[in-house]
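Okay, so here's the structure we're looking at.
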Amino acid sequence: MRRYFDRSPLVQGTLETEGPRYCPSIDDKVIKFPEKESHPIFLEPINRMSREVYMQNFSTSMCLEAQLETVRTIKGCEQAHILRPGYAIEYDFVPPTQLEPWLETKAIKNLFLAGQINGTSGYEEAGAQGLIAGINAARRVHGEEVFVLGRDESYAGVLIDDLVTKGTKEPYRMLTRRCESRLIRRHDNADLRLAQKGFETGLLPEEKMEILRDRWTRMNAEQERLYTVKCFIDFHLFASLSLC
Ligand SMILES: Cc1cc2nc3c(=O)[nH]c(=O)nc-3n(C[C@H](O)[C@H](O)[C@H](O)COP(=O)(O)OP(=O)(O)OC[C@H]3O[C@@H](n4cnc5c(N)ncnc54)[C@H](O)[C@@H]3O)c2cc1C
């Protein structure tokens, strides 16, 4: 691969944009982590009827000759052919600081944006924004108030708050460390934080709410019961266990 670097758009600087740092290409890995001696690659059959295989974790924008030569150095792929070479893509995006927290553009009323056009990368990132932008577009049609999730109550809130207040210089990923209260924003309590809002927006139907209300009643009852339980610890046993 290094032999072909003089023809690599990544190395030559033809690609000027900042790539997604969490899914670097193989050529990027060779440049940034030259000390690494291995790289896992998964060969994923496209379907049962095809001999075509997708090379997972081998994204690259190297020239075709480099791609072919590199692929054929892999054990089992010595005679492989490339049907669709890897290529690089650069996206333009709207500076997300030009958006309202409900994902409407400040410049054009009634235009809502979600996903990588706002400078993010990722399925969940796009999905979360699509949900908020969609809710708000629908509410606008019905003449209702905007719907905003705070960064203190959800990851979608953290994501959107980061985007609209700070913007981004690279494809933004929603990492748990970006959330100040990540220890208490867990999937196992998402219903406690967000179900009522889902219900009020009309997205969570009454029968699902009923199931959740029943769960909350049972959780509260169990919590009450636990307050009454006393636990005695046998310190002798405890000490002998630690000695073991
Ligand atoms: C090779 C690759 C691997 C990836 N792997 C992962 C991964 O493992 N995990 C992960 O979380 N993310 C991954 N991503 C990122 C993820 O796919 C994107 O961030 C996400 O799909 C963006 O969603 P989106 O809805 O914003 O845009 P898109 O999914 O691109 O949707 C935009 C849609 O708009 C349509 N469109 C464009 N112009 C017009 C027009 N003029 N009129 C009508 N329609 C139009 C397009 O056809 C497209 O369907 C990967 C991306 C790539 C390229």
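Model, not experiment: these values are computed from the prediction. Order of appearance sets the numbers: ligands from 1, and atoms from 1 within every ligand. Numbers here simply count residues along the sequence, with the first being 1.
Using a 4.5 Å heavy-atom threshold, the side chains of N118 and L103 count as touching.
Between A126 and ligand 1, no N or O atom pair is found at a separation short of 3.5 Å. Close N/O approach between E125 and ligand 1 is not found [any backbone or side-chain N/O within under 3.5 Å].
Salt-bridge annotation for D161 and K166: absent, with no side-chain N of the basic residue lying under 4.0 Å from a carboxylate O of the acidic one. Using a 4.0 Å cut-off between charged side-chain N and carboxylate O, E100 and K106 make no salt bridge. Under the 4.0 Å criterion applied to side-chain N and carboxylate O atoms, R215 and E210 are not assigned as salt-bridge partners.
One option in Y91, Y123, Y54 has a heavy atom closer to atom 6 (C) of ligand 1 than any other, and that option is Y123.
In this structure, atom 34 (O) of ligand 1 is not in close contact with the protein, since no protein heavy atom lies within 4.0 Å of it. Closer than 4.0 Å to atom 49 (O) of ligand 1 lies none of the heavy atoms of the protein. Distance check for atom 30 (O) of ligand 1: a protein heavy atom is found below 4.0 Å.
Close contacts of ligand 1 with G115, meaning ligand atoms under 4.0 Å from a residue heavy atom, involve 26 (O). Those atoms of ligand 1 that come under 4.0 Å of a heavy atom in S121, given as number and element, are 19 (O).
Protein heavy atom nearest atom 53 (C) of ligand 1, with residue, atom name and distance: I89 CD1, 4.1 Å. Remark: minimum distance from atom 27 (O) of ligand 1 to any protein heavy atom is reached at Q116 NE2, 3.6 Å. Ranking protein heavy atoms by distance to atom 20 (C) of ligand 1, first place goes to G122 O, 3.8 Å.
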| task | Check the pair R151 / E180 against salt bridge (charged side-chain N to carboxylate O under 4.0 Å, His left out), numbers first and verdict last. | result | CA-CA 9 Å; R151 66 181 298 132; E180 297 79 5; 2.8 Å; yes
| message | Test salt bridge (charged side-chain N to carboxylate O under 4.0 Å, His left out) on R3 and E65; report intermediate values, then the result. | response | CA-CA 11 Å; R3 268 195 287 114; E65 286 151 278; over 6 Å; no
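Contacts between M174 and ligand 1 below 4.0 angstrom, taking non-hydrogen atoms only, are absent altogether.
With 3.5 Å as the limit, one finds no donor-acceptor pair spanning the side chains of R140 and N136. For the 3.5 Å distance criterion, the side chains of Q196 and E200 qualify, holding a donor opposite an acceptor.
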